[in-house]
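Naming: A, B, ... by sequence-line order, numbering from 1 per chain.
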Amino acid sequence: MAEKEKKELKVKEKAEVSIPAEQTRPGPIFTPAMDIFETDEQITVLSDMPGVKAQDLAIDLRENTLTLSGNVESPEGELEQELLREYRTGNYYRQFTLSDAIDQSKIEATLKDGVLRLRLPKVEAAAPRTIPVKTG
Amino acid sequence: MIIRRIGGWPTWEWRSPYGELERMRKEMDRRSEALTGPLFREPLAGVFPLMNVTEDGDNYYARAELPGIKADELNISLTGNSLTVAGERTIPAENETASYHRREREPGKFSRVVGLPSPVDTSKVEARCVDGVLTVVIPKAEAAKPKQIAVKTS
């Protein structure tokens, strides 16, 4: 029965965005699906970016604004003729603001199987500390 | 039922109100297409994963975006002309104390069949998953490959 309870994955078309900035590369731009979660020590961002290679991914953090942009080369060879096209390939772009001060020197990013994992450790001061109260 | 016609407007066959709506919708599509270029409106299978299929002289190429899915979670099979891509996407549990700001990535099972238009050589299929993009290369059967025909002169 446990098998039955598992959800079927639904089709989700990639969300296309238009960004105000001028584009130097042609093609559509998509917003990658993301999980963002926070613990006391860090913020973790997981982002689905299939087709992006590590060298084509740019992560930029300035003044609490995090910008992710990834360029995707079309995997298709020149001689290939299209028979069925259900999804398009294009670049990825997403920007968001972070509420806490992030220790920029300790940011870690890994890209594996098309999923980016971004670890953004908070600065020491922002991590809540319990202050022991002395009696005496 | 009162049917009003406004004078001076082009008249068309009156069928049903829904037929009329359909006609207007088509007209709108046509107009917006003229403005923005052809809309991306391919028939969607509505089944995960979405696939792109291309061909060249020797092979069919079926591609799907499957981020975060490991090769051993995929089950790819070919029966006759039908390629089946099935599997499960698992998203490992994170730290329990974590509080989520966004949760857009979804786990789940999937199974998709794509029909290929001509006979294929099932013995030499090759599948690889690079950067979350699955590519299945399916060689065409000898009979389905295009033959170059030399034209003799004399």
Item to check | Distance in Å, B:Thr97 OG1 paired with A:Glu38 CD, rounded so as to fall on 0.5 Å steps | outcome: 10.5 Å
Next on the checklist: Please find the pair of heavy atoms, one from A:Leu79 and one from B:Asp56, that lie closest to each other, and give the distance.
Outcome noted: O-CB, 3.9 Å
Checklist entry - Considering residues, nucleotides and ligands other than A:Gln55, do more than 12 of their heavy atoms fall under 6.0 Å from its CD? => result yes
Next on the checklist: Using the rule given for side-chain contact (heavy atoms from CB on, under 4.5 Å), can you reason through B:Tyr100 versus A:Ile36, listing the C-alpha separation, both sets of side-chain angles and the distance that settles it, and then say yes or no?
Outcome noted: CA-CA 6 Å; B:Tyr100 276 82; A:Ile36 305 171; over 6 Å; no
Next on the checklist: Evaluate B:Asp131 against A:Lys53 for salt bridge (charged side-chain N to carboxylate O under 4.0 Å, His left out), listing each step before the verdict.
Outcome noted: CA-CA 7 Å; B:Asp131 296 325; A:Lys53 292 184 172 53; 3.7 Å; yes
Checklist entry - Linking I/L/V/M/F/W/Y whenever any side-chain heavy atoms sit under 4.5 Å apart, do A:Ile43 and A:Leu61 land together? => result yes
Next on the checklist: Is there a path of hydrophobic side-chain contacts, each under 4.5 Å between heavy atoms, that joins A:Ile59 and A:Leu120?
Outcome noted: yes
Checklist entry - Distance from A:Asp113 atom CG to B:Glu73 atom CD, nearest 0.5 Å? => result 9.0 Å
Checklist entry - Among B:Gly57, B:Pro49, B:Pro107, which has the most heavy-atom pairs under 4.5 Å with chain A? => result B:Pro107
Item to check | Side-chain heavy-atom pair A:Met34, B:His101 within 4.5 angstrom cut-off | outcome: no
Item to check | Test side-chain contact (heavy atoms from CB on, under 4.5 Å) applied to A:Glu80 and B:Tyr61, step by step | outcome: CA-CA 8 Å; A:Glu80 290 177 34; B:Tyr61 302 88; 3.5 Å; yes
Checklist entry - Near A:Lys106 NZ, under 6.0 Å, is it more than 12 heavy atoms from other residues, nucleotides or ligands? => result no
Item to check | Within 6.0 Å of CZ in B:Arg102, more than 12 heavy atoms from elsewhere | outcome: no
Checklist outcome for this item: Note: A:Val115 and B:Pro67 closest approach over all heavy atoms is CG2-C, 3.7 Å
Checklist outcome for this item: Heaviest contributor of heavy-atom pairs below 4.5 Å to chain B, chosen from A:Gln42, A:Arg94, A:Lys112, A:Met49, is A:Arg94
Next on the checklist: Using 0.5 Å steps for rounding, measure from the CD atom of B:Glu55 to the CG atom of A:Leu83.
Outcome noted: 4.5 Å
Checklist entry - Under a 4.5 Å heavy-atom cutoff, which of A:Gly114, A:Ser47, A:Pro32, A:Ala54 has the most pairs with chain B? => result A:Gly114
Item to check | Portion of B:Val130 that has a non-hydrogen atom of chain A nearer than 4.5 angstrom | outcome: neither
Checklist entry - With chain A, which of B:Ala98, B:Ser111, B:Cys129 has the greatest number of heavy-atom pairs at distances under 4.5 Å? => result B:Ala98
Checklist entry - Side chain, backbone, both or neither: which part of A:Leu46 has an atom under 4.5 Å from a heavy atom of chain B? => result both
Next on the checklist: Is there a path of hydrophobic side-chain contacts, each under 4.5 Å between heavy atoms, that joins A:Val45 and A:Phe37?
Outcome noted: no
Checklist entry - Do B:Val113 and B:Ile69 share a hydrophobic cluster, counting only Ile, Leu, Val, Met, Phe, Trp and Tyr and linking them when any side-chain heavy atoms are less than 4.5 Å apart? => result no
Checklist outcome for this item: One should read off an interatomic distance between B:Leu50 CG and A:Glu86 CD, to the nearest 0.5 angstrom, of 5.5 Å
Checklist entry - When rounded to the nearest 0.5 angstrom, what is the spacing between CD in B:Glu65 and OH in A:Tyr87? => result 4.5 Å
Checklist entry - Are there more than 12 heavy atoms of other residues, nucleotides or ligands under 6.0 Å from atom NZ of B:Lys147? => result yes
Checklist entry - Can you list the residues that meet the side chain to side chain donor-acceptor pair (under 3.5 Å) rule with A:Thr65, with sequence neighbours excluded? => result none
Checklist outcome for this item: Comparing B:Val133, B:Val114, B:Thr135 against chain A, the one with the most heavy-atom pairs below 4.5 Å turns out to be B:Val133
Checklist entry - Looking at CD1 of B:Ile91 and CG of A:Asp48, how far apart are the two atoms once the value is rounded to the nearest 0.5 Å? => result 7.0 Å
Next on the checklist: Taking B:Val125 as the starting point, is it possible to reach B:Val53 by hopping between hydrophobic residues whose side chains are less than 4.5 Å apart?
Outcome noted: yes
